[in-house]
Amino acid sequence: MKKFIYPLLFIFPAFSVAQDSTLDAQSSFRQVITEEMIKDGGAFTLADIIALSDKWNLTTIDGVTAYLSSSYLSLNKNQNYTVLLDGQPLNLNIFDSYNLTMIPVALNQIDYVELINMPQIYFGNFTGRGLIHIHTKKAEKGFSVQGMHSVGNETGDPGPYKFTEYSSPNVDKINYILSLSIDAAGANWYLKGGTTYSDNFLTDPSIKFRIANLSTSFNKERYSTYYGKFGFNFLESKNEIFYGSSSGYDYFFFAPHGNEIPVNRIYRHAGLSGSINKRGNLSLRYSAVYSLNSLKEWENKKNIDFDFTTENYSATIEGKLTGSRFNLIAGLSYDYTKGKPFEPLINPDLIYKKIYGEFSYRLSDNFMQSLGIMALGSSEITLWKGFFANKWEVMRGHFIESNFAYFQNLFSEYDSYWNWYFRGYNFSEAQPRFYQFFGEINNGSTFTADVSYSFKSERFKAAIQGSWRSFINQNIEWQLYLYRIYESTFYSSPVNIFSEAGLDVSAFNIELEHHITSTLSHKIFYSFQKDLEGSSLFKELWKMYPAHTITYSVLFKPVPTFTLWGRLRYTSPSKWFSYKYVSSQSGGLYNKEIESGLLLDLSASKWFWNKRIWGSIIFRNIFNQNEKYHPIGARFDLRFYLQVHLYLNSIFI
C-alpha cells in the first residue's frame, strides 16, 4: 500500500526541508564545497568558490564584484541572496551589489561553504533567493600560524607572448592576495585573529578608459580586512564573539549612472552567537549582530560621490525539539536597518519582525516530509513565506525529492537604490533625469517547484532535476545604455520601473559523476533554461542567462599530496537588451551579446613539508577564448595564478 501512498504525497501543495536530517544531508537542493574541493578546483577568491557550483550563475564586470543567482531564483541584477559567516548574517548588500571580497575571512581559513539552492527557512532567514554559508576552521589546541600568498598574471604581457597569437593588452598583475592568521586554543576556549590584503589591477581596455575618465588614481582596486574571534564553552553552551572590519577602494558599478564610480567601501561587523543543549532532545540557537556598511567618497575628477551608510541590528533565537521521528523548530527574529546619508532621510528606518516554524516528520525510515512557514511583519504589512518538501528513498541509493514554495516580498526587502530614493536619498548624478515609474510600486510574489531524481552508489552518482519559476507582480527596472565614444563612458536613458510584471521560467539539469578508480574521477553537468509566458520586457531581461551550459571536469589524485584538476565549460550566447546600441556606438569595443564560449581551466597542487606548505598553479582560459561575463566587462585572457598556503599548526601543546 505504501508504494501507492508515497508518490501521491509529492503532489500536495507545499513548503521546507530540515537541514539537520540524515536524509536531507544528501539533498540535491543543497551543496557543500569543502576545503579539499576548493583547493582541487583552483579557487582563487570567494567568487571562484561559488563558481565551482554549477547551480549558481555568475556574472562579473571586473573579476572581483560578482553578481549571482541561485538556480534561476532571481535576475542577476537582484542581489538579495543571504550570506552567513559561522552562523552570523552579513549585511553586505548595498544598492543591489555584493562584494564578496569584503567578507572578513581569508581563503585558507575556510573549512567548507554550504550552498542552499532552494527556498527554505534557515536559522531565521528565508532563502527565497539562495543562501551562502561560510564555515571557517576550528582553532587547534596550542598556538598556530597560517599564511597565504597568491598572485596572478595574464599571459599577454610583453615578453615571450608579445608577437604570438596569445598577445593581449598589457596587465602587470591581477588579484594579488596576502593573508596572515594566528590561532590559540585550549580545552574549552579558542582565539582566532587575522588580516588579508589584496590588489586587483584594472587594465583591460573594456574598463580601463571608462574608469580613467573619472579616476584620479591608477586603476587599482585594493582591499584590507581584519578579524578577531573568541569562542568559549560554558556549562551546556557553546558561544562565539566575532568582530570583522573591511575597507576597500574600488570602482562601484551604479546601474542608474551606467558606469563605475570610485568609492571607498567600509564594512564593520560585531556579533555574538552560540547554541545551548538541554537534555539531549531540546536545543537553542541564538545570534545578535551589529553591522555597518558604507559607500564613501574616493577622489575623482568630477566629484561624483556617494555618502551613504546603513547600520543594521539583528537578533534571532531558535528552539529545536527532536523526537524519534520528528523535528520541531520554532524561532523569532528581529531586523532593524537605518539608512544614514549626509542629508537625513524622510523615513530612514526599516524594521522587520519574523516568526517562523518548521515541522519535519518521518513516515518511515525512507520517507520524510517537512513543512515550514514564516510570517514577516513590518510597519507596512505582514507577508507570508512558506515551503514544503518531500524526500523518498525509493530503494537503496535511489531518491526522489520535491520542493514547492510560495513567498511574498516587500519592495523594501530588496536593498536597491530605489528603496532608499523613496525614503529621501538623492544621489545627485541619478536625479531627476534618470528615472520614471509606470504603475504603483508593489509587493511581488514567487512560486517555485522543483522535482529531482538522484542515484548514488560507491563509484557512481547521477541526478536529474526539473524546475519551474513563476514571478508574479514583480517590479522590474529597464534602462537603455548609450555610449559616448569621445569620453569612453556610458550614459543612461531614463530608468523605467514597471510594476505588475510577471514571468514563467522552466529549467532542467542533469549531473553524472563517475569514480573510475580510487585516484581518478570525472563529472559532467548540463543545464537548460527557457523563459516562457510573461511580460515582454521581463523576457528580454531574462535573456542575460545562457540557454545551455555544459561543464565537464576531471580530478586525478595519484597520491594524497598531489592533485591535477581540469574543467571544460561551454556556455551558449546570451543577450543583454539594455546594451542594444553600444556595438555601433563604441566601434565594436562592446556588444549586447556575449558570444558562446568554450573555456578550459587546469590546476595542479602539491603538499610539502609534511603538509605544512601547500602550493598550486592555476591556468584559466587555456584556449584564450573571448571570456566575458558582462557586455561592458573585462575580457579575461589566458592567465595563470600561483598560490602558497603555510600551516604551522599546534606549535606549542
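As the structure is a computational prediction, the values presented were derived from the model and not from experiment. Positions are given from 1, in the same order as the sequence printed here.
Of the possible polar contacts, none joining the S574 side chain to the K543 backbone as a donor-acceptor pair under 3.5 Å is found. Using modelled atom types, no side-chain atom of K77 and backbone atom of Y67 make a donor-acceptor pair closer than 3.5 Å. Looking only at distances, a side-chain donor or acceptor of T195 sits under 3.5 Å from a matching main-chain atom of T225. Under a 3.5 Å cut-off, the side chain of R265 and the backbone N or O of G248 do not form any donor-acceptor pair. At least one donor-acceptor pair under 3.5 Å links the side chain of K628 to the backbone N or O of G633. Although no hydrogens or angles enter the test, the distance criterion places no donor-acceptor pair under 3.5 Å between the side chain of D54 and the main chain of F525. Judged purely by atom type and a 3.5 angstrom limit, R210 uses its side chain to pair as donor or acceptor with the backbone of I632. At least one donor-acceptor pair closer than 3.5 Å links the side chain of S246 to the backbone N or O of M102. Side chain of D40 to backbone of M37: no donor-acceptor contact under 3.5 angstrom is found. Without hydrogens or angle criteria, D96 side chain to Q79 main chain gives a donor-acceptor distance under 3.5 Å.
Aromatic ring centroids of Y579 and Y481 lie under 6.0 Å apart. Aromatic rings of H522 and Y552 (six-membered ring for Trp) have centroids within the 6.0 Å cut-off, being under it. A ring-centre distance under 6.0 Å is found for W542 and F471.
Contact of the V554 side chain with the L520 side chain is registered, since non-hydrogen atoms from C-beta on lie closer than 4.5 Å. Annotation: side chain of S467 is not in contact with side chain of F508 (no heavy-atom distance under 4.5 Å). Taking 4.5 Å as the limit, some side-chain heavy atom of D450 sits within range of a side-chain heavy atom of M118. Counting heavy atoms from C-beta on, the side chains of L178 and M148 never come closer than 4.5 Å. A heavy-atom distance below 4.5 Å is not found between the side chains of I177 and L107. You'll find the side chain of T65 reaches within 4.5 Å of the side chain of S97, heavy atoms only. Side-chain contact check for D86 versus K229: some heavy-atom pair is nearer than 4.5 Å. Within the 4.5 Å cutoff, side-chain heavy atoms of Y251 are placed close to those of L202.
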**Prompt:** S53 and Q31: side chain to side chain donor-acceptor pair (under 3.5 Å), yes or no, with the steps?
**Reply:** CA-CA 8 Å; S53 171; Q31 182 180 8; 2.8 Å; yes
**side chain to side chain contact (heavy atoms under 4.5 Å, CB included) evaluation trace for I110 with H135** = CA-CA 6 Å; I110 295 175; H135 299 261; over 6 Å; no
**Prompt:** Going through the checks in order, is the side chain to side chain donor-acceptor pair (under 3.5 Å) test met by S181 and Q146?
**Reply:** CA-CA 5 Å; S181 60; Q146 295 103 34; 3.1 Å; yes
**Item:** L100 vs L68, side chain to side chain contact (heavy atoms under 4.5 Å, CB included): CA-CA, chis, key distance, verdict
**Value:** CA-CA 11 Å; L100 299 180; L68 304 172; 4.2 Å; yes
**Asked** Can F460 and L512 be said to form a side chain to side chain contact (heavy atoms under 4.5 Å, CB included), step by step?
**Response** CA-CA 8 Å; F460 185 75; L512 302 172; 4.1 Å; yes
**Message:** Please determine whether side chain to side chain contact (heavy atoms under 4.5 Å, CB included) holds for the pair E35 and Y112, giving the CA-CA distance in whole Å, both sets of side-chain angles, and the decisive distance to 0.1 Å.
**Reply:** CA-CA 5 Å; E35 179 191 15; Y112 64 96; over 6 Å; no
**Message:** Determine whether S596 and S572 satisfy the following criterion, side chain to side chain donor-acceptor pair (under 3.5 Å), listing intermediate values before the conclusion.
**Reply:** CA-CA 4 Å; S596 61; S572 60; over 6 Å; no
**Message:** Could you go through E627 and R639, starting from their C-alpha distance and side-chain angles, then the distance that decides it, and tell me whether this counts as salt bridge (charged side-chain N to carboxylate O under 4.0 Å, His left out)?
**Reply:** CA-CA 11 Å; E627 183 181 354; R639 58 205 185 278; 3.0 Å; yes
**Item:** Chi angles and distances behind the side chain to side chain donor-acceptor pair (under 3.5 Å) call for E140, Y647
**Value:** CA-CA 11 Å; E140 297 189 21; Y647 300 96; over 6 Å; no
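Checking R469 against T448 by side-chain atom types alone, no donor-acceptor pair falls below 3.5 Å. D111 and T136 share no side-chain donor-acceptor pair at under 3.5 Å. Side-chain contact check for S70 and Y81: no donor-acceptor pair (N or O, by modelled atom type) lies under 3.5 Å. Side-chain atoms of T517 and T519 include a donor-acceptor pair closer than 3.5 Å. In summary, the side chains of N591 and W576 do not present any donor paired with an acceptor at a separation below 3.5 Å, with no hydrogens or angles considered. No hydrogens or angles considered: a donor-acceptor pair under 3.5 Å links the side chains of H548 and Y526. Checked by atom type, the side-chain pair K55/S527 shows no donor-acceptor distance below 3.5 Å.
Under the side-chain contact (heavy atoms from CB on, under 4.5 Å) rule, H133 has a single partner from L84, I116, V32, T82, which is L84. Just one residue in the list N200, T196, T101, D250 forms a side-chain hydrogen bond (donor to acceptor under 3.5 Å, both in side chains) with Y223, and that residue is D250. If you run salt bridge (charged side-chain N to carboxylate O under 4.0 Å, His left out) between E513 and each of K461, K456, K523, only K461 comes through.
A 6.0 Å sphere centred on NZ of K606 holds more than 12 heavy atoms belonging to other residues, nucleotides or ligands. Open room surrounds NZ on K575; 12 or fewer heavy atoms of other groups in view lie less than 6.0 Å from it. For OH of Y249, the number of neighbouring non-hydrogen atoms (other residues, nucleotides, ligands) closer than 6.0 Å is 12 at most. Under a cut-off of 6.0 angstrom, the local environment of CD in E595 is sparse, with at most 12 non-hydrogen atoms contributed by other residues, nucleotides or ligands.
Nearest heavy atom pair, residue L564 against residue A604, reads CD2-CB, 3.5 Å. Of all heavy-atom pairs spanning A43 and Q643, the tightest one is O-NE2, 3.0 Å. Taking each heavy atom of F44 and G152 in turn, the nearest pair found is CZ-N, 4.3 Å. Across all their heavy atoms, L85 and P104 have their closest contact at CD2-O, 4.3 Å. Between I618 and S603, the shortest heavy-atom distance links the atoms CG1-CB, 3.9 Å. For the pair N78 and S74, the tightest heavy-atom approach, listed with the atom from each and the gap, is O-OG, 3.6 Å.
Taking the six-membered ring where the residue is Trp, Y72 and Y545 present perpendicular rings, their angle passing 60° and hence far from 30°. Between H645 and W614, the two ring planes are tilted [angle within 30° to 60°]. Using cut-offs of 30° and 60° for the angle between ring planes, the Y176 and Y197 rings count as perpendicular.
Looking at E36 and K557, a side-chain N of the basic residue comes within less than 4.0 Å of a carboxylate O on the acidic one, giving a salt bridge. Residues D601 and R620 are paired through a salt bridge, judged by an N-O separation under 4.0 Å between the basic side chain and the carboxylate. Salt bridge present: K192 and D183 bring a charged side-chain N and a carboxylate O closer than 4.0 Å.
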